[in-house]
Amino acid sequence: LTCLVEEAFFRGYLQQQLQQKLGAWPALVLASALFGLAHLGGGWLYAMLATVAGLLYGLIYLHTGRLWLAVLMHASLNFVHLCFFTYPWPLVR
């Protein structure tokens, strides 16, 4: 559910509101930077990676207008992170 809530806020609300005031590209960059800052609890490197991921999610939303695609990409990336970086497979040592 985290992916859905984060994307609903950062893309569906924040990026959309900023886009009406600033234009598409400044809104994308600002929403992504704020997304990265929201992940600062994991450290600066994690926040920078989250910013880059936020740019990807934001681009998907910008180009398709479909929030569910950004949610799907976010969930997919989180799944890959969980499987290969957070809890490595027992055979990978």
Side-chain angles (χ1 to χ4, degrees):
L1 287 176
T2 303
C3 300
L4 177 61
V5 173
E6 286 183 347
E7 292 309 311
F9 176 71
F10 285 101
R11 259 46 78 189
Y13 175 73
L14 189 62
Q15 183 173 328
Q16 189 176 53
Q17 293 298 310
L18 290 170
Q19 185 170 334
Q20 291 174 1
K21 294 175 180 21
L22 305 173
W25 295 105
L28 171 66
V29 171
L30 188 54
S32 299
L34 291 171
F35 181 76
L37 286 175
H39 291 81
L40 195 55
W44 282 104
L45 178 60
Y46 190 69
M48 289 189 308
L49 291 171
T51 300
V52 172
L55 286 168
L56 174 65
Y57 310 147
L59 279 171
I60 290 169
Y61 181 64
L62 177 65
H63 287 292
T64 67
R66 304 205 188 289
L67 188 61
W68 70 269
L69 288 173
V71 172
L72 181 62
M73 180 57 73
H74 190 155
S76 299
L77 192 62
N78 281 6
F79 179 76
V80 168
H81 183 268
L82 178 73
C83 290
F84 295 106
F85 299 105
T86 305
Y87 298 106
W89 297 105
L91 300 176
V92 179
R93 291 181 194 243

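These numbers come from a predicted model, not from an experiment. Just so it is clear, the values below take in all heavy atoms, side chains as well, and ignore hydrogens, waters and symmetry mates.
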Kindly give the heavy-atom pair with the smallest separation between [X] and [Y], and that separation in Å.
X: Leu59; Y: Trp25; answer: CD2-CZ3, 3.6 Å
X: Cys3; Y: Asn78; answer: SG-ND2, 3.3 Å
X: Tyr57; Y: Ala70; answer: O-CB, 3.7 Å
X: Leu55; Y: Leu28; answer: O-CD1, 3.8 Å

Check: residues 44-53 side-chain donor-acceptor pairs under 3.5 Å, at least two apart:
from, atom 1, to, atom 2, distance (Å)
Thr51, OG1, Ala47, O, 2.9

Is there a chain of hydrophobic side chains (I, L, V, M, F, W, Y, each step under 4.5 Å between heavy atoms) that links [X] to [Y]?
X: Ile60; Y: Phe35; answer: yes
X: Leu69; Y: Met73; answer: yes
X: Leu67; Y: Leu56; answer: no
X: Tyr61; Y: Leu18; answer: no

**Request:** Using side-chain contact (heavy atoms from CB on, under 4.5 Å) as the criterion, list what pairs up with Ser76, not counting sequence neighbours.
**Result:**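 With sequence neighbours excluded, Ser76 shows a side-chain contact (heavy atoms from CB on, under 4.5 Å) to Leu72, given in chain and number order.
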**Message:** Could you work out, with side-chain hydrogen bond (donor to acceptor under 3.5 Å, both in side chains) as the rule, every residue matching Glu7, not counting sequence neighbours?
**Reply:**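 So Glu7 forms a side-chain hydrogen bond (donor to acceptor under 3.5 Å, both in side chains) with Arg11, His74.
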**Request:** Going by the side-chain contact (heavy atoms from CB on, under 4.5 Å) test, name the single residue among Leu62, Leu30, Val29 that passes it with Gln15.
**Result:**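 The side-chain contact (heavy atoms from CB on, under 4.5 Å) with Gln15 is passed solely by Leu62 among Leu62, Leu30, Val29.
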**Message:** Quick one, Leu14 and Phe9 - any side-chain contact, counting heavy atoms below 4.5 Å?
**Reply:**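 Yes - at least one pair of side-chain heavy atoms lies under 4.5 Å apart.
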